[in-house]
**Q** 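Dropping a structure here in structure tokens format, bear with me for questions.
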Amino acid sequence: MRTDMCGQLTSADIGRTVTICGWVDRRREHGEHLAFIDLRDHTGVLQCVVDGSRDLRSEYVVRMTGEVRSRPEGTVNPDLATGDVEVDVNSVEILSQAEPPPFPMDERTGVDETIRLRHRYVDLRKSRMQRNLRTRAVVNSTIRAAMERQGFVEVETPMLIASTPEGARDFVVPSRKEPGSFYALPQSPQLFKQLCMVGGIDRYYQIARCLRDEDLRADRQFEFMQLDAEASFVSQEDVFEFISEAVADVAEAVTGDRPTEFPHITWAESMERFGNDKPDMRFGMELTELTPIFEGTEARVFQAECVKGICLEGGAESLSRNQVDSLVDDAKRWGAKGLAWMRVATGDDGRARLEAGVAKFLSADEGSAVIAALDARPGDMVFLVADARRMVQRVLGMLRLALGRPAVGEGGFKFVWVVDFPLFEGLGDDGKPIPAHHPFTMPHPDDMANFDAGGEALLDVRSQAYDLVLNGWELGSGSVRIHRNDIQSRIFDLLGISEEEAQAKFGFLLDAFRFGAPPHAGFAFGIDRLTALMVGEENIREVIAFPKTQSGADPLTNAPGPLDSAQLEELGLRVLPQAT
RNA sequence: GGUCCCGUAGAUCAGUUUGGAGUGAUCGCCACCCUGUCAAGGUGGAGGCCGCGGGUUCAAAUCCCGUCGGGACCGCCA
């Protein structure tokens, strides 16, 4: 139907007769004898010269035949890849007429996202979405190649599975053959990939769709894609190598630069230095320990378990009083009792000193110690939080991001493995520990004494769980799994899951482990997030062809919608009246 | 469950702070003119429940309450 793509014709093609197909991007009419049509396909735009009598409007789908020729002297367009040439059209076929597009097709105008989604099929024609989806395809194929090169075998797992009440909220599917029973859609293929290990697959991977019925965010959709992987007879370090290799291949394929640094940081260190478990390593402004400085302080606000501070370079000038007040409000919303701030100025003795804010509550020694610890210079602004250690980390961690985080697409790609996550994130009201990862995570071998001790000591037990973080986004997580039923039983016991309950929820996995389970470990990372970061998008909806809005609706298909009564009947369902 | 921001023509936005005569601009659209433009140009024209509902007022796009939709975030996401 066509001989060439619009965006690929150059002066090397001059003299050739070509047939091209595409959408009318823009037209410039000069009367009945001359009109310029910019014809667009996914490769780019090409100027076509036609007589002005043809009615060719925006987004008409056309097929044109003509001779490629060089543009007349002075009419070359250097802004266009095909700007040296044009097609002298002698035949035009309108394949499809089109109504005017629902929004401008130029790349400059920002269009309301609901309207873009309602007419996604038009939005997808734009170069941004073309680039993002094509990059995504490169990400997928690069991952497949990397995993297969490393001996991983793609195994598909079911979408209709049993609901397991742990973790996120399940999407459920009613059973027709067994009314009143339900399937769940998988939150991840976790249990199946472990079964694959028992099944001797040795190295499993899958580019898997995962579904979780939780609130949507810029980096979260109901359904998302993961590289899911699991390997037998491997250590945590082996997993890091497999996954780092795949991710480095992806970055190289997309950007041309191969990342070489995949540093490790412990969870505890990340919490102390960055205030969260997904550190954005593109910038400094680390949380600085100030607790010793305020031991025995007179200042009430700093009499706390923990005092930490961060320093904003130049903040004394760049932040207005209103902005500072608003940061204090933010800190309170994040749970802090308050946010102490001080400007760094030059004192009478020529040295840096703290002023304004809470400076008057600090002794001279405390002030100079704070300045030294934060390496603050005149013109900077320092922020201090005193509270329980977890709260200090949380609030300053969020403040650090609010003040210093580079825009997506800036500061390069900084990967980091976060290791040694705690096995339990706290004790519940009933005194039972709450698992930080999932209940199949192997405890750290060095912490078995605390594990045996139980009680509060459990909170000091590390796990063999790990996250991969890129520029402050959690790409994914994994762990070394428990492959022995005796350890698994003890975990269930600690979590307060009875043997009957465990059998009911995970019986098939426990059964499998009785028949010879190899030691195994695995990982999964989000392909939507990785792709978004690779193309510099701050929202994963931009790398998904047909995403949902924050409320979980699809403006294009109007999902979700009601079922008719016959369908409900067949499924044995009745819809309750809406509470008003 | 909560906090914050947004909603005016097909699109992007002004106007809302401080209520006041007829809601403007740009792009797009329609018609006509135009033989070298490329965000073409010119002339003319159409197009608005100011998201929706209620309230205050002599008077509401503007103030108040509610609601719907969209976005960012907290909680949530083993």
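Keep in mind that this is a model prediction, so the values were computed, not measured.
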**Q** Reckon A:Asp106 touches a base, only the sugar-phosphate, or nothing at all at heavy-atom distances under 4.0 Å?
**A** nothing
**Q** Among residues at least two apart in sequence or on other chains, which ones pass salt bridge (charged side-chain N to carboxylate O under 4.0 Å, His left out) with A:Asp277?
**A** none
**Q** Roughly, in whole Å, what's the span from CZ in A:Arg26 to C1' in B:rC38?
**A** 9 Å
**Q** Using the side-chain heavy atoms of A:Phe36, tell me which of these nucleotides is nearest: B:rC77, B:rC74, B:rU37.
**A** B:rU37
**Q** Counting only non-hydrogen atoms, which of residues 44-57 of chain A are less than 4.0 Å from RNA chain B?
**A** A:Gln47, A:Arg57
**Q** Between P on B:rC38 and CD1 on A:Ile37, what's the gap in Å once rounded to a whole number?
**A** 15 Å
**Q** Taking all atoms of both residues into account, what is the closest heavy-atom pair of A:Ala517 and A:His483, and its distance?
**A** O-CD2, 3.6 Å
**Q** Look at all strands and tell whether A:Asp213 reaches a base, only sugar-phosphate, or nothing, counting heavy atoms closer than 4.0 Å.
**A** nothing
**Q** Taking a pair as Watson-Crick or G-U wobble with both distances under 3.5 Å, which nucleotide is matched to B:rC58?
**A** B:rG20
**Q** Among all residues two or more places apart in sequence or in another chain, which pass the salt bridge (charged side-chain N to carboxylate O under 4.0 Å, His left out) test with A:Asp123?
**A** A:Arg116, A:Arg120
**Q** Select base, sugar-phosphate, or nothing to describe what A:Thr549 touches, counting heavy atoms under 4.0 Å on all strands.
**A** sugar-phosphate
**Q** Can you list the residues that meet the salt bridge (charged side-chain N to carboxylate O under 4.0 Å, His left out) rule with A:Glu474, with sequence neighbours excluded?
**A** none
**Q** Checking contacts here: which listed nucleotide (B:rG1, B:rU37, B:rC34) is nearest the side-chain heavy atoms of A:Asp215?
**A** B:rG1
**Q** Which heavy-atom pair separates A:Leu117 from A:Pro555 by the least distance, and what is that distance?
**A** CB-CG, 3.8 Å
**Q** Could you give the side-chain donor-acceptor pairs of residues 397-411 of chain A under 3.5 Å, partners two or more places apart or in another chain?
**A**
from	atom 1	to	atom 2	distance (Å)
A:Arg400	NE	A:Gly284	O	2.8
A:Arg400	NE	A:Met285	O	3.4
A:Arg400	NH2	A:Asp280	O	2.9
A:Arg400	NH2	A:Phe283	O	2.7
A:Arg400	NH2	A:Gly284	O	3.1
A:Arg405	NE	A:Asp280	OD2	3.1
A:Arg405	NH2	A:Asn471	O	3.0

**Q** Are A:Asn77 and B:rG36 close enough that a side-chain N or O sits under 4.0 Å from OP1 or OP2?
**A** no
**Q** Taking B:rG24 as the reference, what is the distance to B:rU67 when you measure between their C1' atoms (whole Å, please)?
**A** 29 Å
**Q** Whole-Å distance between B:rC77 C1' and A:Asp467 CG?
**A** 13 Å
**Q** Do A:Glu113 and A:Arg541 sit within salt-bridge range, that is, some charged N less than 4.0 Å from a carboxylate O?
**A** yes
**Q** With nearest nucleotides of RNA chain B determined for A:Arg394 and A:Ser551 from heavy-atom distances, which residue corresponds to the more 5′ nucleotide?
**A** A:Ser551
**Q** By the 4.0 Å heavy-atom rule, please label A:Arg220 as base, sugar-phosphate, or nothing.
**A** base
**Q** Can you sort out the partners of A:Phe451 under ring-ring contact (aromatic ring centres under 6.0 Å, His included), two or more places apart, ordered by chain and number?
**A** none
**Q** Say you pick atom C1' in B:rU17 and the same atom in B:rG22; how far apart are they, in whole Å?
**A** 23 Å
**Q** Using nucleotides 6-14 of chain B, report all nitrogen or oxygen pairs with the protein that are shorter than 3.5 Å.
**A**
from	atom 1	to	atom 2	distance (Å)
B:rG10	O2'	A:Pro102	O	2.9
B:rU12	OP1	A:Asp112	N	2.6

**Q** Taking the P atom of each, how far is B:rU23 from B:rG1, in whole Å?
**A** 41 Å
**Q** Holding to salt bridge (charged side-chain N to carboxylate O under 4.0 Å, His left out), I want the full list of residues that pass it with A:Glu425, two or more places apart in sequence or in another chain.
**A** none
**Q** Grab the CZ-C1' distance between A:Arg217 and B:rC76 for me, whole Å please.
**A** 7 Å
**Q** Using the C1' atoms only, state how far B:rU3 lies from B:rC63, rounded to an integer number of Å.
**A** 23 Å
**Q** Counting any heavy atom closer than 4.0 Å, what does A:Arg69 reach on the DNA or RNA strands: base, sugar-phosphate only, or nothing?
**A** base
**Q** If you take any heavy atom closer than 4.0 Å to RNA chain B, which residues from residues 331-339 of chain A end up in contact?
**A** A:Arg333
**Q** When both hydrogen-bonding distances must be under 3.5 Å and the geometry is Watson-Crick or G-U wobble, what is B:rA46 paired with, if anything?
**A** none
**Q** Base, sugar-phosphate or nothing for A:Glu425? Non-hydrogen atoms, less than 4.0 Å.
**A** nothing
**Q** Please report the distance, rounded to the nearest Å, between CZ in A:Arg116 and P in B:rG71.
**A** 11 Å
**Q** Taking all non-hydrogen atoms of both residues into account, name the closest pair between A:Ile243 and A:Leu227 and its distance.
**A** CD1-CD2, 4.2 Å
**Q** Please give the distance between the P atoms of B:rC27 and B:rC65 as a whole number of Å.
**A** 39 Å
**Q** OP1 or OP2 of B:rU37 less than 4.0 angstrom from a side-chain nitrogen or oxygen of A:Arg28, does that happen here?
**A** no
**Q** Which one, B:rG36, B:rC38, B:rA72, comes nearest to the side chain of A:Arg541?
**A** B:rA72
**Q** Should A:Arg321 and A:Asp325 count as an ion pair when the cut-off is N to O under 4.0 Å?
**A** yes
**Q** Using atom C1' in both nucleotides, what's the gap between B:rG45 and B:rC6 to the nearest angstrom?
**A** 33 Å
**Q** Which residues satisfy the ring-ring contact (aromatic ring centres under 6.0 Å, His included) test with A:Tyr183, sequence neighbours excluded?
**A** none
**Q** Please report the distance, rounded to the nearest Å, between CD in A:Glu214 and P in B:rG2.
**A** 17 Å
**Q** So if I take every side-chain heavy atom of A:Asp38 and compare against B:rC38, B:rG71, B:rU37, which nucleotide ends up nearest?
**A** B:rC38
**Q** Does the side-chain ring of A:His30 sit on the six-membered ring of the B:rG36 base, less than 5.5 Å centre to centre and under 30° in tilt?
**A** no
**Q** For a quick check of understanding: with a heavy-atom distance under 4.0 Å over all strands, which category does A:Ala436 fall into, base, sugar-phosphate or nothing?
**A** sugar-phosphate
**Q** Going by side chain to side chain contact (heavy atoms under 4.5 Å, CB included), name the residues that satisfy it together with A:Arg131, two or more places apart in sequence or in a different chain.
**A** A:Arg128, A:Thr135, A:Val535, A:Glu537
**Q** Does the B:rG36 base have a donor-acceptor partner in the side chain of A:Glu86 within less than 3.5 Å?
**A** yes
**Q** Return the orientation label for the A:Phe523 and A:Tyr466 ring planes: parallel under 30°, perpendicular over 60°, tilted otherwise.
**A** parallel
**Q** To the nearest Å, how far apart are A:His33 NE2 and B:rC33 C1'?
**A** 13 Å
**Q** Once you round it to whole Å, what is the distance between P of B:rG75 and CE of A:Met391?
**A** 11 Å
**Q** Looking at residues at least two apart in the chain, or sitting in another chain, which of them share a side chain to side chain donor-acceptor pair (under 3.5 Å) with A:Ser96?
**A** none
**Q** Hey, does the side chain of A:Gln187 come within less than 4.0 Å of B:rC77's phosphate (OP1/OP2), counting only N and O?
**A** no
**Q** Taking only the P atom of each, what is the distance from B:rC50 to B:rC5 in whole angstrom?
**A** 24 Å
**Q** Base, sugar-phosphate, or nothing for A:Glu59, non-hydrogen atoms under 4.0 angstrom?
**A** nothing
